[in-house]
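Comments concern the structure below.
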Amino acid sequence: MNLWLVGPESNHGQITGDFATVASVCWSPDGSRLAFAGNKREGDSATFLYIWSHEEGVVGPVLPFTLEGMQIAWAPDGRSIAAVITHRGCFEVAVVALESGEHYLLPGHQDQVSTMHPCGESLVLGGSGYTQLDELYLSAWAPEAERRRLTSLNTELSATLPVSCTRRSFEVPSGNGSAESVDAWILQPTKQQKGPLPLLVDFHGGPHSVALMDFAAHVYVYQAVAEGWTVVAPNPVGSNGYGKDFEKRLIGRWGELDLPQVESIVEQLRLEGIAGETVACAGKSYGGFLSAWAICHSDTFSAAVVSAPVANIQSHAGTSDSGYYVTPYAMDGQPDACPDRYRSLSPLSHVSSARGPVLLLNGAEDQRCPTGQCEELMAGLACRSRQPVQMVVYPGGTHSLAATGRPSHRRDYHQRIVRFLNRARKAEQEQGKEVAQETALT
């Protein structure tokens with residue numbers, strides 16, 4: 001993919017070369033330079049900030065961070081550029097001074113900036129956290145600039161959320177014989193509960209993403225906490241914003257490196273008395289893959305919600321709208337070059353080892369993770385495992401149905417997940433009582 005400048009005959013031509021991705025192109029205030037988000041490797045979802053001018057050509061990346069949402073803004077004087085970047089689980093605003101190349105982060109609030117627009121001498125930001133939902137803010141460009149909240153769109157709702165949120169780091173296995181630190185967000189009921197609570201592990205998508213502070217797409221998380229669950233949203237290996245090695249190490253190792261880290265987090269929460277015996281998992285897209293992988297590979301989880309998953313990596317490569325170029329990158333090879341890897345890393349290959357009930361959810365018009373992925377998993381679980389499985393397909397639903405689908409579908413989606421979790425918890429408790437009674441009799 002290349003970027004071309006089209007103008008008078010003497011002032012046009014190719015600007016970029018060898019770029020797989022070019023997006024969010026914007027002119028400097030004086031029209032002498034272009035800023036854009038780009039990546040030179042096909043299939044890599046990360047993008048970086050580049051600058052082009054007639055004098056220097058393409059320069060960059062000019063920030064040591066991956067961009068989030070490819071949002072870029074020029075300062076009014078054209079001497080600095082701001083971009084939304086991913087940094088340790090948050091989406092923050094980084095500003096780079098073009099003359100010196102130095103950069104700084106605007107003060108963060110342990111939240112995620114969802115939108116950014118220049119406004120005169122300031123920046124307007126849209127941001128949200130797990131307990132402070134979406135609002136608009138005004139920020140200056142200065143390094144120590146404090147945000148000023150402009151709206152009160154969700155003040156009442158934020159104040160009534162029965163959820164407390166803690167950010168924690170856990171020492172977990174790195175996969176190469178050593179240990180490393182990973183972050184996780186822990187959501188707990190604000191109302192005091194007795195004893196350890198059932199735990200829901202919420203896997204994020206990507207995998208080169210992070211746990212998203214997106215209320216609309218995660219209403220089920222808040223409902224589950226309100227009904228007595230603790231939720232942990234981890235950023236294991238493969239997540240971005242923690243350095244290139246941390247992100248790229250998962251290539252060709254889906255499930256093999258990140259699941260053991262999550263299992264370690266769960267075990268630590270159990271030892272601390274935070275998590276009880278009941279542990280379920282849920283996720284969408286790559287999170288759906290990891291949820292399906294977990295229920296087939298781990299004794300830790302007793303139930304799984306699998307939404308819009310990658311179930312069969314080879315068929316996904318041929319049917320997803322991004323599969324033909326993203327999947328070979330993620331698997332470090334084409335399907336015919338490493339078929340054993342595609343097969344062994346597909347949850348579909350391991351359904352006979354499923355260890356608990358599974359709820360499958362998909363939008364009928366999902367082009368990113370087509371319904372066929374859920375159908376293959378449904379058939380495999382129904383025929384080759386002894387576990388109960390349910391599948392729900394939402395007519396007209398896309399990959400983002402949880403947040404932007406029909407209201408009736410969104411309501412059913414989120415409530416159905418919590419009902420499933422509660423039924424699984426109850427079934428496990430009853431099974432535990434039966435085992436205890438049999439043990440007492442013997």
Side-chain angles (χ1 to χ4, degrees), residues 21 37 39 41 43-49 60-71 83-96 103-114 127-130 165-187 201-214 231-266 268-269 283 285-287 289-290 293-294 326 329-330 332:
T21 302
N39 192 309
R41 185 166 181 182
D44 189 351
S45 59
T47 56
F48 301 90
L49 180 62
V62 297
L63 281 172
F65 308 103
T66 57
L67 305 189
E68 175 58 37
M70 297 179 285
Q71 299 186 70
V84 180
I85 57 94
T86 306
H87 182 239
R88 303 197 67 82
C90 296
F91 301 156
E92 302 186 46
V93 177
V95 179
V96 56
H103 70 270
Y104 58 86
L105 300 178
L106 296 184
H109 295 256
Q110 285 204 349
D111 64 357
Q112 294 179 347
V113 173
S114 56
S128 64
Y130 277 115
C165 179
T166 305
R167 179 179 180 173
R168 293 215 13 214
S169 293
F170 295 85
E171 288 297 308
V172 298
S174 66
N176 60 10
S178 62
E180 64 184 339
S181 178
V182 302
D183 290 339
W185 303 92
I186 301 175
L187 284 74
V201 179
D202 196 56
F203 294 128
H204 68 67
H208 306 312
S209 181
V210 293
L212 296 179
M213 301 172 188
D214 180 357
V231 176
V232 60
N235 287 327
V237 62
S239 305
N240 62 9
Y242 294 91
K244 184 176 180 180
D245 173 72
F246 191 82
E247 177 183 338
K248 306 304 181 188
R249 206 187 321 149
L250 199 62
I251 292 175
R253 300 293 304 276
W254 279 17
E256 296 179 339
L257 299 181
D258 42 356
L259 179 59
Q261 293 190 342
V262 175
E263 290 176 309
S264 177
I265 291 173
V266 172
Q268 292 177 58
L269 292 175
S285 199
Y286 180 79
F289 160 88
L290 194 53
W293 181 267
V326 170
Y329 169 82
D332 199 24

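All values derive from a computational prediction rather than experimental measurement.
Contact detail for Ser239 and Phe246: the closest heavy-atom pair is O-CD2, 3.5 Å. Of all non-hydrogen atoms in Met70 and Ala37, the two that sit nearest each other are CG-CB, 3.7 Å. The two residues Gly127 and Ser114 have their closest heavy-atom pair at N-OG, 4.1 Å. In terms of heavy atoms, Gly43 sits closest to Tyr329 at O-CD2, 3.4 Å. The two residues Arg167 and Asp183 have their closest heavy-atom pair at NH2-OD2, 3.4 Å. Nearest heavy-atom pair across Ala294 and Leu259 is CB-CD1, 3.8 Å.
A donor-acceptor pair under 3.5 Å is formed between the side chain of Asn39 and the backbone N or O of Ala46. Judged by distance alone, the side chain of Glu68 and the main-chain N or O of Val113 form no donor-acceptor pair under 3.5 Å. Between the side chain of Ser128 and the main chain of Met213, a donor-acceptor pair closer than 3.5 Å is present. Side-chain atoms of Gln112 come within 3.5 Å of backbone atoms of Gly89 as a donor-acceptor pair (strictly under, hydrogens ignored). The closest donor-acceptor contact from the side chain of Gln261 to the backbone of Val182 lies at 3.5 Å or more, if one exists at all. The backbone N or O of Glu247 sits nowhere less than 3.5 Å from a side-chain atom of Asn240 that would complete a donor-acceptor pair. Judged by distance alone, with hydrogens and angles left aside, the side-chain atoms of Arg249 form a donor-acceptor pair with the main-chain N or O of Ser174 at under 3.5 Å. With hydrogens and angles ignored, the 3.5 Å screen pairs a side-chain donor or acceptor of Asn176 with a backbone N or O of Ser178. With Asn235 contributing its side chain and Ala211 its backbone, the two residues share a donor-acceptor pair below 3.5 Å.
Side-chain contact between Leu250 and Tyr286: present, with at least one pair of heavy atoms (C-beta onward) separated by less than 4.5 Å. Between Val232 and Arg168, the closest side-chain pair of non-hydrogen atoms is not below 4.5 Å. For the pair Pro234/Val201, a side-chain contact is recorded, criterion being any heavy-atom separation below 4.5 Å from C-beta on. At a threshold of 4.5 Å between non-hydrogen side-chain atoms, the residues Pro61 and Pro64 do not count as touching. Under the 4.5 Å side-chain criterion, counting only non-hydrogen atoms from C-beta, Leu105 is in contact with Phe65.
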Inset, instruction - Determine, stepwise, if the pair Leu212 / His204 fulfils side-chain contact (heavy atoms from CB on, under 4.5 Å). - result: CA-CA 7 Å; Leu212 296 179; His204 68 67; 5.7 Å; no
Inset, instruction - I would like to know whether Thr86 and Phe91 meet side-chain contact (heavy atoms from CB on, under 4.5 Å); could you show each step before the answer? - result: CA-CA 5 Å; Thr86 306; Phe91 301 156; 3.8 Å; yes
Inset, instruction - Report the C-alpha separation of Trp185 and Thr166 in whole Å, then their side-chain angles, then the decisive distance to 0.1 Å, and conclude whether the side-chain contact (heavy atoms from CB on, under 4.5 Å) test is met. - result: CA-CA 6 Å; Trp185 303 92; Thr166 305; over 6 Å; no
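Distance CG/Asp111 to SG/Cys90: 6.5 Å, rounded to 0.5 Å. The CD1 atom of Ile186 sits 5.0 Å away from the CG atom of Leu269 when rounded to the nearest 0.5 Å. Between Asp44 atom CG and Lys248 atom NZ the span is 3.0 Å, to the nearest 0.5 Å. If you take NE2 on His109 and CD on Glu92, they are separated by 9.5 Å, rounding to the nearest 0.5 Å.
Defined by atom type and a distance below 3.5 Å, a donor-acceptor pair is missing between the side-chain atoms of Gln268 and Glu171.
Aromatic ring orientation, Trp293 versus Phe289: parallel (interplanar angle below 30°, classes split at 30° and 60°).
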